Number of protein chains: 2
Amino acid sequence: MSRRDGPAGPTVFIVDDDPDLRAALAGLFRSVDLATTAYASAAEFLNTKRSDGPGCLVLDVRMPGLSGLDFQAQLAGLGIHLPVILMTGHGDIPMSVRAMKAGAVDFLTKPFRDQDMLDAVMTALARDAERRSRDAGLLAVRTAYETLTAREREVFVHVTAGLMNKQIAGLLDLSEITVKIHRGHVMRKMAARSLADLVRMAQALGIVPG
Amino acid sequence: MSRRDGPAGPTVFIVDDDPDLRAALAGLFRSVDLATTAYASAAEFLNTKRSDGPGCLVLDVRMPGLSGLDFQAQLAGLGIHLPVILMTGHGDIPMSVRAMKAGAVDFLTKPFRDQDMLDAVMTALARDAERRSRDAGLLAVRTAYETLTAREREVFVHVTAGLMNKQIAGLLDLSEITVKIHRGHVMRKMAARSLADLVRMAQALGIVPG
DNA sequence: AACGGAATTATACGGAGGTTTCATCCGGGT
DNA sequence: ACCCGGATGAAACCTCCGTATAATTCCGTT
């Protein structure tokens, strides 16, 4: 029921209190060469050390302790951004709408067809992969940004706003040469090979002149 | 049941074959000063001349002719990007999930509370307003981009990729001075006041060097 | 007290950006 | 035949960017 999820591929995390369903799902995912790890409750999932590798969550709505919906609502706050697929045997429309509004990939009613679950998981894994590639690019930029001093960040903002060194000097009450120095430091620390690069980094960081 | 939707505010378009519900909804929205226009079917909505102003759609799922779900699926293809709220008296979970996956703002089961509908409409109108402001900014950029000649567009791509005029000249087999000329034309035609501006425009246009 | 990092500024130089003026060439349309 | 827009490019000129060198000040750590 559990397999190593090395660099080979993503892991499907199953959280359901029904051992039979856990086994069935694990078998289903194994049939398409997906690694799986199963848990009987949300608490068990949270208390277990996991790699933070790629994957997705398959949650039962009705479980002892935290329900699948409540669990889903808490995931973002816990820093877990795995895409979620919900399953239920006794759901209703408001419940499914709430889950989808909260960003669930799918909301399946039991019994569901194997293919429907596989489709949902594939969609979830694709969504996770996309988020990870976005985050990976952003992490390097954020890390570099952290190394900037306060002054350098001010200059960074104005440079990427398109202001000339002279104008920035006026705004910050500095000499133009000082702005040039800071600007050079920003380019070096951010590993930007051109102003265009730096502007895109600012965009990714959500930095706006206003 | 119908009110002018001048520059005052957005319009809620109601599509439902039940006259009583149409009237009730119109009354509800009027109570919060929202303009409404009601239709008995999807076909009637499509055949009627409407302003393309801000608003949202409130659709019944079960209607004679095109169902609310099918109608929703066709809207994007018809160039109609109004946010959709669906209502149904006899829906099921797969139906609601399909609607939400297709981007519906909400999926309400009849009977619903007035406040739930109003909340959904407010969310929908906010989403529409946001999309419109994004589109408005993009339209100007797209229009300006249309005026560029083929050569200017090539230079545009490489400039926003961060290449120096000298490098661009090499790639396009031109003299550096000619690149400068084209570059100047690009800046003027795109109304970019700085290279940073131009880079952001390229981002918005989805222009990538690769 | 000594050291190092951050911030500041000046001078100087070379490279890159940007514009103007002038001029040539080509294809399309009047 | 003529004109015009697009593309090309040379010369000249100015501004802006970037960096190296050197120096000063302040602040926090050792």
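Note that this is a predicted model, so its numbers are computed, not measured. Residue numbers begin at 1 in each chain, while the letters A, B, ... track the order of the sequences.
Summarising the geometry, the separation between NE2 on A:His182 and C1' on D:dG18 is reported as 15 Å, rounded to the nearest angstrom. Counting to the nearest Å, the C1' atom of C:dG17 and the CZ atom of B:Arg188 are 14 Å from each other. Following rounding to the nearest Å, B:Lys189 (NZ) and D:dA7 (C1') show an atom-to-atom distance of 11 Å. If you take CD of B:Glu176 and P of D:dA10, they are 11 Å apart, rounded to a whole angstrom. The separation between B:Ile177 atom CD1 and D:dA7 atom P is 16 Å, rounded to whole Å.
Within 6.0 Å of CZ on B:Arg193 lie no more than 12 heavy atoms contributed by other residues, nucleotides or ligands.
Residues that satisfy the side chain to side chain contact (heavy atoms under 4.5 Å, CB included) test with A:Ala196, not counting sequence neighbours, are A:Ser194, A:Arg200, B:Val199. A search for side chain to side chain donor-acceptor pair (under 3.5 Å) contacts involving B:Asp114 returns nothing, not counting sequence neighbours. Remark: B:Gln115 engages B:Leu118, B:Asp119 in a side chain to side chain contact (heavy atoms under 4.5 Å, CB included) (not counting sequence neighbours). In this structure B:Phe107 satisfies the ring pair (Phe, Tyr, Trp, His ring centres under 6.0 Å) test with no other residue, sequence neighbours excluded. B:Tyr145 is linked by a ring pair (Phe, Tyr, Trp, His ring centres under 6.0 Å) to B:Phe156, counting only residues two or more places apart in sequence or in another chain. Partners of A:Arg188 according to the salt bridge (charged side-chain N to carboxylate O under 4.0 Å, His left out) rule, which considers only residues two or more places apart in sequence or in another chain, do not exist here. Qualifying side chain to side chain contact (heavy atoms under 4.5 Å, CB included) partners for B:Arg151, counting only residues two or more places apart in sequence or in other chains: B:Thr149, B:Glu154, B:Leu172, B:Leu174, B:His182.
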Going by atom type alone, with no hydrogens or angles, which donor-acceptor pairs under 3.5 Å involve a side-chain atom of residues 72-88 of chain A and a protein atom two or more places apart or on another chain?
{"residue": "A:Gln72", "atom": "NE2", "partner": "A:Ala99", "partner atom": "O", "Å": "3.2"}
{"residue": "A:Thr88", "atom": "OG1", "partner": "A:His90", "partner atom": "N", "Å": "3.2"}
{"residue": "A:Thr88", "atom": "OG1", "partner": "A:Gly91", "partner atom": "N", "Å": "3.3"}

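Residues from residues 145-175 of chain B with heavy atoms under 4.0 angstrom of DNA chain C, sorted by number: B:Met164, B:Asn165, B:Lys166. Within residues 190-203 of chain A, no residue has any heavy atom under 4.0 Å from DNA chain C.
Between the side chains of A:Thr37 and A:Thr11, no donor-acceptor pair is found at a separation under 3.5 Å.
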### Query
What string of B, S and - do you get for nucleotides 21-30 of chain D, 5' to 3', when a contact is any protein heavy atom under 4.0 Å?
----------

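Between B:Thr178 and D:dA7 there is no side-chain polar atom (N or O) within less than 4.0 angstrom of OP1 or OP2.
Residues A:Leu139 and A:Thr143 meet the side-chain proximity criterion, which asks for heavy atoms closer than 4.5 Å.
You'll find that the side chain of B:Lys180 is closest to C:dG18, out of C:dT8, D:dG18, C:dG18.
One N or O on the side chain of A:Asn47 and one on the backbone of A:Ala43 form a donor-acceptor pair closer than 3.5 Å.
Interatomic distance, CD of A:Glu176 versus CZ of A:Arg183, reported as 10.0 Å (0.5 Å rounding).
Summary for the helix from C:dA1-D:dT30 to C:dT30-D:dA1: the axes at its two ends, each from 5 pairs, differ by 30° when rounded to the nearest 10 degrees.
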